[in-house]
2 protein chains.
Amino acid sequence: MNIVFDKIITIFHRSVNNQYDPDCSLPNKSASSVRQKCRFMKEKKEDRRISRTRKLMHEALMSLIMEKGYEDITVQDILDRADAGRSTFYAHYRDKDELLLSSFEHLRDLFEQQQQALFASRNTGQDPEVNIILELFRHTGEHHKLYKAIAGKKSGEMILKYLHRYLKNLLIVPVAKLMKSRKSPPVPIEITTHYLVSSLISLITWWLDNNMPYSAEKMDEIFRILTTSSIEAAFGNNKEINGYDIFSNRHPEGSVKAFYSNFIDRNCCPEQ
Amino acid sequence: MNIVFDKIITIFHRSVNNQYDPDCSLPNKSASSVRQKCRFMKEKKEDRRISRTRKLMHEALMSLIMEKGYEDITVQDILDRADAGRSTFYAHYRDKDELLLSSFEHLRDLFEQQQQALFASRNTGQDPEVNIILELFRHTGEHHKLYKAIAGKKSGEMILKYLHRYLKNLLIVPVAKLMKSRKSPPVPIEITTHYLVSSLISLITWWLDNNMPYSAEKMDEIFRILTTSSIEAAFGNNKEINGYDIFSNRHPEGSVKAFYSNFIDRNCCPEQ
DNA sequence: TCGATAATGAACATTGTGTTCGATAAAATA
DNA sequence: TATTTTATCGAACACAATGTTCATTATCGA
């Protein structure tokens with residue numbers, strides 16, 4: 001019943017390593033933080049004071065967000081809680097937003113590391129069995145206090161935009177591949193991907209706003225119920241099922257491990 | 001093919017007058033502006049100076065938004081362009097956001113007036129033939145400069161939230177009615193309405209962000225393609241089509257005109 | 001014309017931002 | 001350990017924008 005969607009998930013898993021939009025990592029500002037992370041990964045050296053300071057800032061921001069929400073936090077608040085000097089903050093981040101984004105990247109990394117571990121544990125030489133959507137709901141649920149304090153607020157827009165781009169980035173290649181086999185789909189490809197991502201995000205935010213009255217599993221099920229038929233309709237009737245044969249179920253080249261080692265690398269140092 | 005959706009639209013038309021969430025009008029702040037509008041509608045008297053000032057502020061804000069976007073506008077900018085005194089501004093609005101919301105209500109009123117006119121002109125004694133979704137796209141297209149300058153920005157969140165509540169308000173009753181005929185729909189009612197509204201808004205913002213590459217008609221069609229099957233799936237299989245018979249096509253009591261006179265009234269003075 | 005009321009604009013207090021710089025502390029390095 | 005390098009500190013500062021106050025002036029409705 002959900003073949004169409006499962007197919008997309010599979011291909012989306014598979015092709016995630018083939019492209020990486022550098023712009024996805026951060027909206028526009030903090031190329032600095034990315035660069036610092038790169039330096040760290042490459043040279044394996046970083047002044048302890050730096051990591052200590054950044055860690056303190058992170059923790060301060062996170063705890064403050066959960067207390068009073070992002071909007072009401074002032075730089076001084078962060079400084080007080082982190083017990084750091086004013087100039088220190090500005091030596092690391094351009095402004096409050098950059099710190100928030102940087103913290104958010106941490107969460108993203110955490111999520112991807114978890115996924116990778118999960119994936120490795122389930123790897124039986126076959127294609128991945130990990131349901132990304134479900135895992136995404138689980139991850140959101142685990143950190144619901146944080147996400148709730150951010151999403152829906154004014155500045156949540158920034159984060160949601162970021163999330164949108166991130167997810168879209170993961171979806172656009174597989175969807176485009178599937179679409180290519182269709183002559184002229186009734187709904188343009190870009191719209192379909194945008195629609196899917198928006199749907200997912202809307203369910204996540206609803207879930208958070210309403211104090212997660214259902215399990216992550218239920219939300220995953222709901223998402224599938226709502227979008228599966230949309231995808232089918234977007235492809236046009238049912239003929240596209242033949243098109244799927246182009247994509248075999250086996251991983252084309254190399255092992256899944258090799259695939260996922262790429263997956264990890266892509267989280268650091270996008271060439272720009 | 002689109003019977004399900006058309007049914008919803010129809011019932012949604014019909015029941016729009018039966019409820020009005022006062023909270024929908026404005027997030028939390030400007031109860032003042034609402035009150036002023038009410039006074040204006042009821043007593044038919046308002047100092048010319050007041051309306052003149054408010055009009056100037058509106059126009060200043062709108063032109064500034066289209067020039068530099070909402071974020072970069074300062075109160076002083078508005079004052080300069082409107083050629084008004086600082087204290088005058090604060091006598092009318094709590095802050096910039098309140099002015100924006102107030103301006104937005106103007107747009108909403110405009111939209112609803114247009115709808116009402118359109119509806120009256122097509123009223124042949126039958127049920128309405130107006131496609132709200134299409135009209136919404138048209139209206140957005142007409143004012144695309146404004147909407148584009150707002151949506152997607154940080155503060156656009158506020159407006160989008162507003163729009164979300166507004167549309168949801170229109171949808172929730174008809175959807176709930178339809179749902180009631182089902183024993184236990186696979187997707188909870190609130191999620192379905194939230195999902196539908198989010199989908200609509202996501203298409204609108206995509207349309208704006210990409211400089212409206214398709215006609216409003218095409219977007220309306222796309223929306224239907226994507227959501228029709230979702231609605232069907234949310235109801236559960238196809239049995240619900242029988243449930244529709246509960247709702248006759250005729251307006252239960254009174255004429256359509258009577259219905260729409262209610263529709264107009266509800267835009268003013270929600271009891272609170 | 002007159003009483004009421006809205007607009008004016010300058011002055012002000014306040015808050016938060018982002019920068020600068022010499023002194024200090026703590027790392028890395030040899 | 002001694003030396004060099006580098007991060008942190010913190011107070012001071014300039015600045016931008018907010019929102020308030022109030023005596024004065026202009027404009028309105030009747």
Side-chain angles (χ1 to χ4, degrees), chain A residues 28-30 32-33 35-37 39-40 42-61 64-65 68-102 153-155 158, chain B residues 29-30 32-33 35-37 39-40 42-61 64-65 68-102 154-155 158:
Chain A
N28 45 21
K29 301 178 178 180
S30 56
S32 62
S33 79
R35 220 172 290 120
Q36 292 213 4
K37 204 163 64 177
R39 196 207 302 157
F40 172 71
K42 274 181 180 168
E43 306 179 7
K44 294 274 181 190
K45 294 172 190 176
E46 189 182 47
D47 198 313
R48 292 176 207 163
R49 288 170 293 182
I50 293 181
S51 27
R52 177 184 163 275
T53 299
R54 297 180 83 92
K55 189 162 170 264
L56 282 174
M57 301 281 192
H58 268 209
E59 290 168 355
L61 178 67
L64 281 166
I65 279 183
K68 52 201 288 198
Y70 180 75
E71 302 301 319
D72 294 345
I73 298 175
T74 148
V75 175
Q76 197 57 50
D77 289 336
I78 303 171
L79 266 31
D80 291 343
R81 178 137 330 177
D83 197 27
R86 186 164 193 74
S87 48
T88 309
F89 178 90
Y90 287 103
H92 285 271
Y93 309 98
R94 180 170 320 186
D95 49 30
K96 215 175 58 163
D97 284 358
E98 188 169 304
L99 172 59
L100 177 65
L101 280 170
S102 154
K153 311 288 180 178
K154 248 191 192 180
S155 52
M158 180 178 59
Chain B
K29 302 177 177 181
S30 55
S32 62
S33 79
R35 218 170 292 122
Q36 292 214 2
K37 203 163 65 175
R39 197 206 304 157
F40 172 70
K42 275 180 180 168
E43 305 179 7
K44 293 276 181 190
K45 294 173 191 176
E46 190 181 47
D47 199 313
R48 291 177 206 163
R49 289 171 291 183
I50 294 180
S51 27
R52 177 184 163 274
T53 300
R54 296 179 84 92
K55 188 161 172 264
L56 282 175
M57 300 282 192
H58 267 208
E59 290 168 355
L61 178 68
L64 280 166
I65 279 183
K68 51 201 291 199
Y70 179 75
E71 302 302 320
D72 294 344
I73 298 175
T74 150
V75 175
Q76 196 56 51
D77 289 337
I78 302 172
L79 266 30
D80 291 344
R81 176 132 336 171
D83 197 26
R86 186 164 193 72
S87 48
T88 309
F89 178 90
Y90 287 103
H92 285 271
Y93 309 98
R94 178 169 320 185
D95 49 29
K96 215 176 58 164
D97 284 358
E98 187 168 304
L99 172 59
L100 177 66
L101 280 171
S102 155
K154 249 191 191 179
S155 51
M158 180 178 60

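By convention in this document, chain letters (A, B, ...) are assigned in the order of the sequence lines, proteins followed by strands, and residues within each chain are numbered from 1. Heavy-atom basis, side chains included; hydrogens, waters and symmetry copies ignored.
- For the atom pair B:His92 NE2 and B:Ser102 OG, the distance stands at 10.5 Å (nearest 0.5 Å).
- Rounded to the nearest 0.5 angstrom, A:Tyr90 OH and A:Leu79 CG are separated by 8.0 Å.
- Summarising the geometry, atom CG belonging to B:Asp77 is positioned 9.0 Å from atom CG belonging to B:Asp72; distances are rounded to the nearest 0.5 Å.
- Remark: A:Arg48 is in phosphate contact with C:dA28, judged by side-chain N or O atoms under 4.0 Å from OP1 or OP2.
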Subject >> Nucleic acid footprint by protein, nucleotides 12-24 of chain C - heavy-atom cut-off 4.0 Å, B for base, S for sugar-phosphate alone >> reply: -----BBBB----
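- Of the inter-residue distances, the one linking A:Met57 atom CE with A:Arg81 atom CZ reads 14.0 Å to the nearest 0.5 angstrom.
- The CD-C1' distance, from B:Glu98 to D:dG19, rounds to 13 Å in whole Å.
- OP1 or OP2 of C:dA7 lies within a sub-4.0 Å distance of a side-chain N or O belonging to B:Thr53.
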**OP:** Show your reasoning for whether side-chain contact (heavy atoms from CB on, under 4.5 Å) applies to A:Leu100 and A:Tyr93.
**Re:** CA-CA 10 Å; A:Leu100 177 65; A:Tyr93 309 98; over 6 Å; no
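- Rounded to whole angstrom, the span from the CE atom of B:Met57 across to the C1' atom of C:dT8 amounts to 11 Å.
- Between the P atom of D:dT6 and the CZ atom of A:Arg49 lies a distance of 10 Å, rounded to the nearest Å.
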**OP:** Verify side-chain contact (heavy atoms from CB on, under 4.5 Å) between A:Leu101 and A:Glu98, making sure each step is shown before the conclusion.
**Re:** CA-CA 5 Å; A:Leu101 280 170; A:Glu98 188 169 304; 5.7 Å; no
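- When every heavy atom of A:Val75 is checked against every heavy atom of A:Phe89, the shortest pair comes out as CG1-CD2, 3.9 Å.
- Taking CZ from A:Arg86 and CG from A:Asp80, the interatomic distance works out to 10.0 Å, rounded to the nearest 0.5 Å.
- To the nearest angstrom, C1' of D:dG19 lies 15 Å from CG of B:Leu99.
- For the pair A:Ile78 and A:Ile73, the minimum side-chain heavy-atom distance is below 4.5 Å.
- For the pair B:His92 NE2 and D:dG19 P, the computed distance is 16 Å after rounding to whole Å.
- Note: A:Leu61 CG to A:Ile65 CD1 = 4.0 Å, rounded to the nearest 0.5 Å.
- Here the C1' atom of nucleotide C:dA6 and the CG atom of B:Asp83 are 16 Å apart, to the nearest Å.
- Rounded to whole angstrom, the span from the OH atom of B:Tyr93 across to the P atom of D:dG19 amounts to 15 Å.
- For the pair B:Leu99/B:Lys96, no side-chain contact is recorded, criterion being any heavy-atom separation below 4.5 Å from C-beta on.
- Base pairing in DNA chain D gives the following stems of 3 or more Watson-Crick or G-U pairs, range against range and under 3.5 Å: C:1-30 with D:1-30.
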Show me the protein contacts with nucleotides 1-3 of chain C, counting only N or O atoms at under 3.5 Å.
none

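- In this structure, CG of A:Asp47 is placed 6 Å from C1' of D:dA7, rounded to the nearest angstrom.
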